[in-house]
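Contents: one structure, followed by commentary.
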Amino acid sequence: MSEAKKLSGAGLRGQSAGETALSTVGVSGSGLTYRGYDVKDLGENATFEEVAYLILYGELPTQAQLDAYKTKLKGMRGLPQALKEVLERIPADAHPMDVMRTGCSMLGNLEAEHSFSQQSEISDRLLAAFPSIICYWYRFSHDGVRIETETDDAQIGAHFLHLLHGKAPSALHAKVMDVSLILYAEHEFNASTFTARVCASTLSDMHSCVTGAIGSLRGPLHGGANEAAMELIQDMKDEADARDILMGKLERKDKIMGFGHAIYRDSDPRNAIIKEWSEKLAAANGDDRLYRVSVACEALMWEQKKLFCNADFFHASAYHYMDIPTKLFTPIFVCSRLTGWAAHVMEQRSNNRIIRPSADYVGVAPRKVVPIAKR
Ligand SMILES: CC(=O)SCCNC(=O)CCNC(=O)[C@H](O)C(C)(C)COP(=O)(O)OP(=O)(O)OC[C@H]1O[C@@H](n2cnc3c(N)ncnc32)[C@H](O)[C@@H]1OP(=O)(O)O
Ligand SMILES: O=C([O-])CC(=O)C(=O)O
């Protein structure tokens, strides 16, 4: 059993910023749990829709509840015309996380949350609409087509791949997307979730909380690391090349994206799961270079720095094997983490006090304004 990481210093490390009943991260022996269930157990024995229901509504659904939930989500995949028009105006070279941010914010104008009694409906709507938003923009700006966002796919992961590629995915790809969405769904007080909670604590609306969270997830120290990890591995020719490239980066004291974690000490429990799926995808693809160089990076980083892969590192090769463009990696994270964000907003609202910490002042001593002519 690993001990909880000893945390200190800046970045609010080691300080509790509130209570949650949604997940535990890095607690001895259990790694990562969502409402008491181990993420590995959920990855093996549940689907993302069941996990979303668990996170948003408190318990795993019965079969009847799951069927009704999936039918409901399927019926919420369409986009209003005004939102499509906004998406069509965003250029092809925009960052897709900016598209997600704008899409969420625009939906907040068209389908505003007027009362907190609407919070569950709005969360479900965002869960259903996010794959439509990113794929509608991507296919229009890159391929010049206006796609129909309402597919018959029963599951969100398969639906995403269907919209992106214009055809239903293989069973393997649909399964990996489903597991990936489970792994990314919830993670306690990470930076983007904390952003959402700070916003919620002012009694703001759900779309504002989620829009802010998307902005926080975008950075390479957080969700953006899956794209940065892909950029790191994509040109590595083989294991020896991977070692050379990484050693050079370590000598230059570069941060290696996809490694390390603010809370976990020895490993990120999501890594072993997505790594296994990446290996299966590599075998199915008949080209395992990306998987092999990723394994070489993992070994070298542990050997040199005792740093382990976080959830993002093997997601890079897994997504690439499914023909997902690198710049859409972090938006997929959004499609999943929406569940965690929304549940945290609801939890914050249920027992709210505005989040407003203090700061230690380190600036100049009090002084008088010198008239502008004398400065
Ligand atoms: C889904 C997610 O959001 S998971 C996180 C995704 N982000 C990344 O993969 C980005 C790369 N990783 C990092 O930048 C960091 O590990 C973070 C942001 C995740 C955590 O940051 P911190 O909590 O400050 O890291 P921590 O305290 O463990 O760092 C300890 C030391 O290891 C170093 N270190 C940590 N991660 C890395 C890394 N990926 N590459 C190189 N060195 C690293 C730190 O610089 C620090 O060195 P120092 O003591 O000489 O300053
Ligand atoms: O918890 C964190 O700091 C980052 C992370 O792994 C996540 O949000 O999934």
Side-chain angles (χ1 to χ4, degrees), residues 1-2 20-70 72-73 120 123-124 127-128 130-131 153-161 169 171-190 192-193 217 223 226 261 263-264 267-281 309-315 318-319 322 332-344 346-347:
M1 270 202 235
S2 58
T20 184
L22 289 164
S23 62
T24 60
V25 174
V27 174
S28 299
S30 33
L32 171 60
T33 62
Y34 301 164
R35 294 199 188 269
Y37 295 100
D38 196 294
V39 75
K40 188 168 187 295
D41 195 5
L42 291 167
E44 286 167 2
N45 298 303
T47 60
F48 176 59
E49 287 70 23
E50 288 168 84
V51 171
Y53 190 97
L54 169 72
I55 291 171
L56 291 167
Y57 293 95
E59 292 296 340
L60 283 170
T62 61
Q63 188 63 56
Q65 286 169 328
L66 179 63
D67 293 346
Y69 192 49
K70 282 162 77 172
K72 177 184 182 189
L73 293 177
S120 289
S123 306
D124 288 341
L127 184 59
F130 275 175
D153 299 288
Q155 294 193 259
I156 294 170
H159 166 66
F160 174 89
L161 290 174
L172 175 63
H173 289 191
K175 174 67 186 169
V176 179
M177 274 304 287
D178 190 57
V179 173
S180 165
L181 294 174
I182 291 174
L183 298 182
Y184 273 145
E186 158 56 13
H187 221 243
E188 198 221 40
F189 279 21
N190 60 82
S192 58
T193 302
L217 190 71
N226 56 14
H261 200 272
I263 305 291
Y264 296 122
S267 67
D268 179 333
R270 300 166 294 183
N271 176 52
I273 303 171
I274 194 63
K275 181 182 174 186
E276 204 177 312
W277 284 108
S278 172
E279 186 177 15
K280 288 188 178 127
L281 287 166
C309 299
N310 57 47
D312 283 328
F313 193 68
F314 277 89
H315 261 105
Y319 284 170
M322 294 191 286
I332 299 174
F333 196 155
V334 173
C335 295
S336 163
R337 185 56 60 87
L338 179 275
T339 53
W341 292 334
H344 275 275
M346 295 185 216
E347 190 177 57

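Residue numbers count from 1 along this sequence. As a basis for the values below, the full set of heavy atoms in this structure was taken, side chains included, without hydrogen atoms, waters or symmetry mates.
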Electrostatic pair Lys275-Glu279, nearest N-O below 4.0 angstrom: no
Closest non-hydrogen atom pair, Phe314 against Cys309: CE1-SG, 3.8 Å
Those residues that, when tested against Tyr53, pass ring-ring contact (aromatic ring centres under 6.0 Å, His included) (two or more places apart): Tyr57, Tyr69
Partner residues of Ser278 under the side-chain hydrogen bond (donor to acceptor under 3.5 Å, both in side chains) criterion, sequence neighbours left out: Ser317
Nearest-0.5 Å distance, CZ of residue Phe48 to CD1 of residue Ile55: 7.0 Å
Asp178 side chain vs Thr47 backbone, donor-acceptor pair below 3.5 Å: no
side-chain hydrogen bond (donor to acceptor under 3.5 Å, both in side chains) involving His173 - partner list, sequence neighbours excluded: none
Close side-chain approach of Ser180 to Tyr319, heavy-atom, < 4.5 Å: yes
Partners meeting salt bridge (charged side-chain N to carboxylate O under 4.0 Å, His left out) with Lys70 (sequence neighbours left out): none
Full working for side-chain hydrogen bond (donor to acceptor under 3.5 Å, both in side chains) between Thr20 and Glu188: CA-CA 7 Å; Thr20 184; Glu188 198 221 40; over 6 Å; no
Sequence-distant partners of Asn310, side chain to side chain contact (heavy atoms under 4.5 Å, CB included), two or more places apart: His261, Asp268, Asp312
Min side-chain heavy-atom separation Leu42-Leu54 under 4.5 Å: yes
pair Leu181-Phe160: side-chain heavy atoms closer than 4.5 Å: no
Non-hydrogen atoms of Ala185 and Thr339 that approach each other most closely: O-OG1, 3.2 Å
Residues in ring-ring contact (aromatic ring centres under 6.0 Å, His included) contact with Tyr184, at least two apart in sequence or another chain: His315, Phe333
ring-ring contact (aromatic ring centres under 6.0 Å, His included) partners of His344, counting only residues at least two apart: Phe189
Over all atoms of both residues, closest heavy-atom pair of Ala174 and Pro169: CB-CG, 4.2 Å
Check: Ser23 side chain, Tyr34 main-chain N or O, donor-acceptor pair, under 3.5 Å: no
Donor-acceptor pair, side chain of Asp153 and main chain of Gln155, under 3.5 angstrom: no
Contacts of type side chain to side chain contact (heavy atoms under 4.5 Å, CB included), residue Asp41, not counting sequence neighbours: Asp38, Asn45
From His159 atom NE2 to Cys335 atom SG, the distance as rounded to the nearest 0.5 Å: 8.5 Å
Side chain proximity check, Met322 to Trp277, heavy atoms < 4.5 angstrom: no
Trace of the side chain to side chain contact (heavy atoms under 4.5 Å, CB included) decision for Trp341 with Val334: CA-CA 9 Å; Trp341 292 334; Val334 173; 4.0 Å; yes
For Pro131 against Leu127, the heavy-atom pair lying closest together: CD-O, 3.5 Å
Lys175: partners by salt bridge (charged side-chain N to carboxylate O under 4.0 Å, His left out), with sequence neighbours left out: none
Distance in Å, Phe130 CZ paired with Ile332 CD1, rounded so as to fall on 0.5 Å steps: 14.0 Å
With Asp124 via salt bridge (charged side-chain N to carboxylate O under 4.0 Å, His left out) - residues at least two apart: Lys72
Closest heavy-atom pair and its distance - Ile274, Ala311: CG2-O, 4.0 Å
Considering all heavy atoms, the nearest Leu56-Ser123 contact: CD2-CB, 4.2 Å
Minimum side-chain heavy-atom gap Thr193-His187 below 4.5 Å: no
Sequence-distant partners of Lys280, salt bridge (charged side-chain N to carboxylate O under 4.0 Å, His left out), two or more places apart: Glu276
Salt bridge (Lys or Arg N to Asp or Glu O under 4.0 Å) contacts in which one or both residues fall within residues 45-62, not counting sequence neighbours: none
